[in-house]
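First up is the structure itself, then whatever we jot down about it.
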Amino acid sequence: MGRMKLLFAEVFMFLLPSLALAAVYGAGVGGGRVLSVGEVLDNPSEHVGKVVVVEGTIVDVCAARGCWLELAGDKPGQKLKIKVEDGVIVFPLEARGKKGKVQGKLQEMTLTKEQAVEAARHYAEETGRPFDPSKAQAGTVYRIRATGAVIP
Amino acid sequence: MGWRRFNRALHRDLGYLCVGFTLLYALSGFLLNHLHDMNPMYAISGSAVSLGPLPPLGEEAQKEWILSRLGVTAKPTGSFRPDERSLELFFEGGDRLSVDLSTGAATLERVRRRGFTAWINELHLNKPRGSWTLIADGYAVALGLLAVSGALLAARPGRIDRRGLLFVAAGLGLAATALFYVV
């Protein structure tokens, strides 16, 4: 009986570190320089169309389908949306508050006022936040079309 | 064995085999259709609380004051300032505390992962991948065979079942109509 207990303890100790391993989503993240959200958003033209690896605190996740998350920068309100293909990668809501690393292509999108309002409405529906159409502005937005992520 | 007898046996046996899967996929499909009415993965609840005026402290001290005021002992996993007057604190499991620093109004959003509906939703969306993909593909093939064998269960052997043809046409017509919304 003592030997069995020792065996279970050893197996458990062997498996324990696996509990601390980060979860890999999609194709994961390759090597290369890791950028902060601020570095990307302060000089977006340098990175548009390129595959980048970005790290930041996950401050929101699509509760409905887990098809996007937002990484925060250092400045108040600074966020970068990370979008994945529906169903291919599903981010868990439990990822909020964790530091995530994402790899994907930085996209630049120019929205009209109507498109910005529609995007804000959709965002409000998905997050349960209040929708204020007056705050939606036409302009250029950036997001990453991600192929993989690593979240502890 | 004639083909009709084989067809009946096939339909019967596949029916028995697939009844469990079909009920699970039917329920998870229904839930996916009503995603905006009920989230099958998570139960998210919010409660509002007033902290009163916040003392003029540094950011870290302010966080500690807020947590102490709410009696929260858990350590936040992260924080974010949506704007100059707001603060969000995150906790293990995805819970979020949003605070309006100027008024002291706070909202605690609790996230609880659902059990059964989260499980069948993940199966429906093929989250397990790997061998589950093979199993789900096998079920899809079985459903196709069920559909065809069912359509061939004629009421009267040797005659084209007119009633059956009408129902098949109605079903295909409904599906074709739905295409107009997609294309």
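Chain A is the first sequence line, chain B the second, and so forth, proteins listed ahead of strands; every chain is numbered from 1. Please read these numbers as outputs of a predicted model, since none were measured by experiment.
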Report, as yes or no, whether the 6.0 Å neighbourhood of atom NE2 on B:H34 holds more than 12 heavy atoms from other residues, nucleotides or ligands. yes

Nearest heavy-atom approach of A:P92 to B:Y42 is CA-OH, 3.4 Å

So if you build clusters from Ile, Leu, Val, Met, Phe, Trp, Tyr with side-chain heavy-atom gaps below 4.5 Å, do B:L27 and B:W132 land together? yes

Please tell me whether B:F91 and A:F91 are part of a single hydrophobic cluster in this structure, the criterion being side-chain heavy atoms less than 4.5 Å apart. no

Are there more than 12 heavy atoms of other residues, nucleotides or ligands under 6.0 Å from atom CG of A:D132? yes

Supply the atom-to-atom distance A:R65 CZ to B:N121 CG, rounded to the nearest 0.5 angstrom. 8.5 Å

If contact means a heavy atom pair closer than 4.5 Å, which residues of residues 96-111 of chain A contact chain B? A:R96, A:G97, A:K98

So, for A:G87 and B:R129, which heavy atoms are closest and what is the spacing to 0.1 Å? O-NH2, 2.9 Å

For B:F80 and A:K79, work out which heavy atoms get closest and say how close. CZ-CG, 3.4 Å

Top contributor to chain B interface from A:L93, A:V88, A:D86, A:I58 [non-hydrogen pairs under 4.5 Å]: A:L93

Can you say whether B:D83 sits under 4.5 Å from chain A via the side chain, the backbone, both, or neither, judging by heavy atoms? backbone

Between A:I89 and A:I151, is there a shared hydrophobic cluster once you connect ILVMFWY residues whose side-chain heavy atoms come closer than 4.5 Å? yes

Name the member of B:R96, B:R113, B:E88 that forms the most heavy-atom pairs with chain A at distances under 4.5 Å. B:R96

Under 4.5 Å, counting heavy-atom pairs only, tell me which of B:K127, B:E122, B:E109 racks up the most with chain A. B:E109

Out of curiosity, does B:V111 fall in the hydrophobic cluster containing A:L69 (side-chain heavy atoms, cut-off under 4.5 Å, transitive links)? yes

Tell me whether B:L143 shares a hydrophobic cluster with B:I120, the cluster being built from Ile, Leu, Val, Met, Phe, Trp, Tyr side chains joined at under 4.5 Å. yes

Could you look at B:I44 and say if it's the side chain, the backbone, both or neither that has a heavy atom under 4.5 Å from chain A? side chain

Does CZ belonging to B:R110 count more than 12 external heavy atoms closer than 6.0 Å? no

What part of A:A64 gets within 4.5 angstrom of chain B, counting heavy atoms only: side chain, backbone, both, or neither? both

Members of residues 114-121 of chain A whose heavy atoms come closer than 4.5 Å to chain B: none

Identify the two heavy atoms, one from A:E94 and one from B:G93, that lie closest to each other, and give their separation to 0.1 Å. CG-O, 3.5 Å

Should the heavy atoms of other residues, nucleotides or ligands under 6.0 Å from CZ of A:F131 be counted, would the total exceed 12? yes

